[in-house]
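Working notes, beginning with the structure itself.
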Amino acid sequence: MSTTRTALVIGGGIAGPVAATALRKAGIEARVFEAYPGPAFTIGSGLALAPNGMAALDVLGAGDRVRDIAFPIPDMSLSVGGKIHQVPGLPGVEPLQMVDRSELHRALHDHATAAGVPFEYDKRLVRVEEAADGVTAHFADGSTATADVLVGADGIRSTVRGLIDPKAPGPDYTGMLGFGAMVDCDLDTPAGTMVFAFGKRAYYLYAAVGDGRFMWGVNLPHKQYLSLTEARALPAEHWLRILRETYGADAAGGRLVRATTAENLEVTGALHIMPPVPHWYRGRMVLVGDSVHAPSNSSGQGASLGIESAIHLARCLRDLPHEQAFRAYERLRRARVEGVAKRAARINHSKTPGPVARKMMNLVMPVMFRMTDQEKQLGAEQRYRIDWDATVSTELVPA
């Protein structure tokens, strides 16, 4: 039986508002504390929500709110040196939903506030005090907040992760920086199609969202690590010059980068992947979303897995005392999220093939796609569904 009545959620990006909304649905009073001075509507670029992520949002009644701001992508292709290969899809599932990250933050924030979740801003967590009957968060402005449990949804540079385990690993840099833009372009690509492109010098992707508009993003190889703040400190013209040198010789990439301006270039900085985190919780603190599992963007599952985990955490706290709930939550989630991370890591190794490798890819891709069992490869990921009404079993709690 649950003993949790109140929760502090640290972080107002994606997993935080979802966790707070799900906790409210579970009968737990949740509040969100965000370090930024307001809702983080200007952070990041486009992302894709997988069918399982959309199904998870439907559990909270938020799915249609997100679909209203998203672009469905039912068709996918692979471009190797300009040669296009159709990628077979998984039948019977909703298409990917491409959405601007800022708009997604706004939609999830608005849905959470409509559900009664309060948000507080300029609340940068600095330390936590635990007691037998609760946990108190201390913020940089001198204020405090107390509740039964504290949920760390504070992203890949999580403060809560370090409080749970000072020796916890941090994120690994993939050796690539992220950039994106929404542009008008005359590419001959049908609306609703996403293309994963292995260019002559680097990887990029683009999606046709209708009326000649394209959302595109790049994984730019870059030896020097630059955080979002550091990358944005450099002029956009600097990055455009590098992007045009890197992608300008590619048929699609060249058109897309030449259509991109300093005004519409979105700089997201270093791309990361989280290694396995040994400790997901301690005492009355627990991690969710990118703070505990962040597969590389190659997975197409980062945001979706964070949404799933936030909802499962709420189910566990609804049905079990927090100590048992945290153990059950980890048992429900660890194998799934680490399996997706391993798949994405394998993809990352193939993002910069040389000319010989590109020729080989063009030869083997048609055969590989015919022989690949898409159900076996992606079925378990994309058909995953959360049964909100099912009681969380104590069998998930180790003795």
Fill in the blank from the handout: For Val288 and Gly306 the tightest heavy-atom approach is CG2-O, 4.4 Å
Completion exercise
All heavy atoms of Phe326 vs all of Gly283, minimum pair found to be CE1-O, 3.5 Å
Exercise for the section: Answer with yes or no after comparing the ring centroid distance for His272 and Tyr225 against a 6.0 Å cut-off, counting only values under it. Expected result: yes
Practice task
Using modelled atom types only, decide if a donor and an acceptor are shared between the side chain of Tyr173 and the backbone of Ile273 within a distance under 3.5 Å.
Solution key: no
Fill in the blank from the handout: What one should report as the nearest heavy-atom pair of Val183 and Ala259 is CG1-O, 3.7 Å
Exercise for the section: Before accepting this row, confirm whether a basic side-chain N of the pair Asp58/Arg67 lies closer than 4.0 Å to the acidic partner's carboxylate O. Expected result: yes
Problem - Short N-O contact, Arg65 and Asp68, less than 4.0 angstrom - result: no
Practice task
Using modelled atom types only, decide if a donor and an acceptor are shared between the side chain of Asp148 and the backbone of Thr6 within a distance under 3.5 Å.
Solution key: yes
Exercise for the section: To the nearest 0.5 Å, tell me how far Asn219 CG sits from Thr174 OG1. Expected result: 7.0 Å
Practice task
Return the minimal non-hydrogen interatomic distance between Ser143 and Lys123, and the atom names on each side.
Solution key: OG-NZ, 2.8 Å
Problem - Which atom of Thr391 lies closest to which atom of Asp319, heavy atoms considered - result: CA-OD2, 3.4 Å
Problem - Under-4.0 Å salt bridge between Asp186 and Arg255 - result: yes
Exercise for the section: Indicate whether the side chain of His312 and that of Arg315 have a donor and an acceptor atom separated by less than 3.5 Å. Expected result: yes
Handout entry: Asp141 CG: over 12 foreign heavy atoms closer than 6.0 Å
Key = yes
Handout entry: His293 and Ser309: side chain donor to acceptor below 3.5 Å
Key = yes
Problem - Main-chain N/O of Lys200 paired with Asp250 side-chain donor or acceptor, under 3.5 Å - result: yes
Practice task
Using atom types as modelled and distance alone, determine if a side-chain donor or acceptor of Arg284 lies under 3.5 Å from a backbone N or O of Thr136.
Solution key: no
Exercise for the section: Using atom types as modelled and distance alone, determine if a side-chain donor or acceptor of Arg161 lies under 3.5 Å from a backbone N or O of Ser291. Expected result: yes
Practice task
Taking atom CZ of Arg124 as the centre, report whether more than 12 heavy atoms of other residues, nucleotides or ligands fall under 6.0 Å from it.
Solution key: no
Problem - Lys/Arg N to Asp/Glu carboxylate O, Glu266 vs Arg101, below 4.0 Å - result: no
Handout entry: Side chain Thr246, main chain Ile242, donor-acceptor under 3.5 Å
Key = yes
Practice task
Answer yes or no: is there a donor N or O on one side and an acceptor on the other, between the side chain of Thr189 and the main chain of Ala208, under 3.5 Å?
Solution key: no
Completion exercise
In Arg383, Glu308, Gln382, the residue satisfying side chain to side chain donor-acceptor pair (under 3.5 Å) with Asn52 is Glu308
Handout entry: Step-by-step side-chain contact (heavy atoms from CB on, under 4.5 Å) determination, Ile28 to Arg5
Key = CA-CA 5 Å; Ile28 297 168; Arg5 298 292 176 265; 6.0 Å; no
Exercise for the section: Determine yes or no for a side-chain-to-main-chain donor-acceptor pair under 3.5 angstrom, with Arg232 supplying the side chain and Val267 the backbone. Expected result: yes
